[in-house]
Amino acid sequence: AQSVAQPEDQVNVAEGNPLTVKCTYSVSGNPYLFWYVQYPNRGLQFLLKYITGDNLVKGSYGFEAEFNKSQTSFHLKKPSALVSDSALYFCAVRDYAGGGADGLTFGKGTHLIIQP
Amino acid sequence: KAGVTQTPRYLIKTRGQQVTLSCSPISGHRSVSWYQQTPGQGLQFLFEYFSETQRNKGNFPGRFSGRQFSNSRSEMNVSTLELGDSALYLCASRPSLNTEAFFGQGTRLTVV
């Protein structure tokens, strides 16, 4: 079974400061890891993914995430936050052992609030 | 390229009725999956179709069913609606099984 934990319901950051949204995962095999963002009354927008390769993954809108296998973490980061980054962020995992056919398992989501 | 299109965007149904939701994937994408989003349970996987075959199913009752057509368009059906089925239903498509999924805007279903 696969699972994702996002330990913070809400993260508050001042505009211009660096931000981190935390994610830890559990899978029986190797993970495919994803970050999505959701704005009010909208679907999910893909930000970035880790499949294999470099542990530091760069994505859309200046976001990046670092895959840490020993800590089973995939934290989302951005060096300088913008007010427009305020949204609901989801971490998701898929177990590679399923051949990619498994559904995504999502965390509960973290509300990111960037204060001007 | 057009994104994933879900219709209708909003729907109000009465308890006991049935409903069909539609999803048109991104052109060339053969995999379509469905998710339910509620405030209490978050995002939960319903099922995934690839080349008209259901590849995987989440932990939902048999009232939830789906299908995929030869043009990759997919429909999801919920029979005997319950109040707890009120949710945002999201469809996602991807070109193959080892890639990221792209989501539609969702269909907001309200059961009264």
Side-chain angles (χ1 to χ4, degrees), chain A residues 1-10 23 25 27 29-53 57-60 63 65 74 87-111, chain B residues 3-7 9-10 21 23-26 29-51 53-60 64 66 68 76 87-108 110:
Chain A
Q2 54 198 37
S3 66
V4 176
Q6 293 182 242
E8 301 150 320
D9 289 337
Q10 184 170 304
C23 170
Y25 67 91
V27 295
N30 291 315
Y32 291 153
L33 291 157
F34 307 88
W35 275 101
Y36 287 87
V37 60
Q38 187 175 37
Y39 296 97
N41 299 314
R42 304 290 295 273
L44 302 177
Q45 279 182 241
F46 170 74
L47 279 178
L48 50 81
K49 66 181 177 184
Y50 172 82
I51 304 295
T52 59
V57 177
K58 294 188 184 296
S60 305
F63 284 94
F74 190 58
L88 182 58
Y89 289 79
F90 290 97
C91 181
V93 69
R94 176 181 286 126
D95 193 335
Y96 180 83
D102 293 341
L104 287 168
T105 297
F106 285 88
K108 291 291 186 185
T110 298
H111 288 275
Chain B
V4 178
T5 304
Q6 292 187 246
T7 56
R9 288 291 311 279
Y10 301 92
L21 311 182
C23 173
S24 293
I26 293 171
H29 287 196
R30 297 166 63 191
S31 167
V32 174
S33 52
W34 289 88
Y35 292 82
Q36 182 196 64
Q37 186 177 22
T38 60
Q41 298 300 315
L43 279 155
Q44 293 185 284
F45 171 69
L46 280 156
F47 29 66
E48 176 150 16
Y49 288 85
F50 186 82
S51 296
T53 301
Q54 188 179 91
R55 293 296 303 266
N56 216 328
K57 191 177 192 303
N59 189 25
F60 278 82
F64 291 81
Q68 187 181 32
M76 188 192 110
L88 181 66
Y89 289 88
L90 292 165
C91 169
S93 75
R94 47 185 177 144
S96 63
L97 293 180
N98 293 335
T99 58
E100 64 272 23
F102 294 91
F103 284 80
Q105 303 266 52
T107 293
R108 172 77 61 187
T110 303

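Computed from a predicted structure; not experimentally measured. Within every chain, numbering begins at 1; the chains are lettered A, B, ... in the order of the sequence lines, protein sequences first and strands thereafter.
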Tell me the closest heavy-atom pair linking [X] and [Y], and the distance in Å.
| X | Y | answer |
| --- | --- | --- |
| A:L104 | B:A101 | CD1-CB, 4.5 Å |
| B:Q37 | A:F90 | NE2-CZ, 3.6 Å |
| B:Q105 | A:R42 | OE1-NE, 2.9 Å |

Intermediate values then yes/no, side chain to side chain contact (heavy atoms under 4.5 Å, CB included), B:L43 and A:Q38: CA-CA 12 Å; B:L43 279 155; A:Q38 187 175 37; 5.6 Å; no
Region of B:L46 that comes under 4.5 Å of a non-hydrogen atom in chain A: neither
Proximity breakdown for B:Y35 and chain A, heavy-atom pairs closer than 4.5 Å: side chain
Reported CG-to-CD distance for the pair A:L48 and B:E100, which is rounded to 0.5 angstrom: 10.0 Å
From B:T99 atom OG1 to A:Y32 atom OH, the distance as rounded to the nearest 0.5 Å: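 Spacing of OG1 (B:T99) from OH (A:Y32) equals 9.0 Å.
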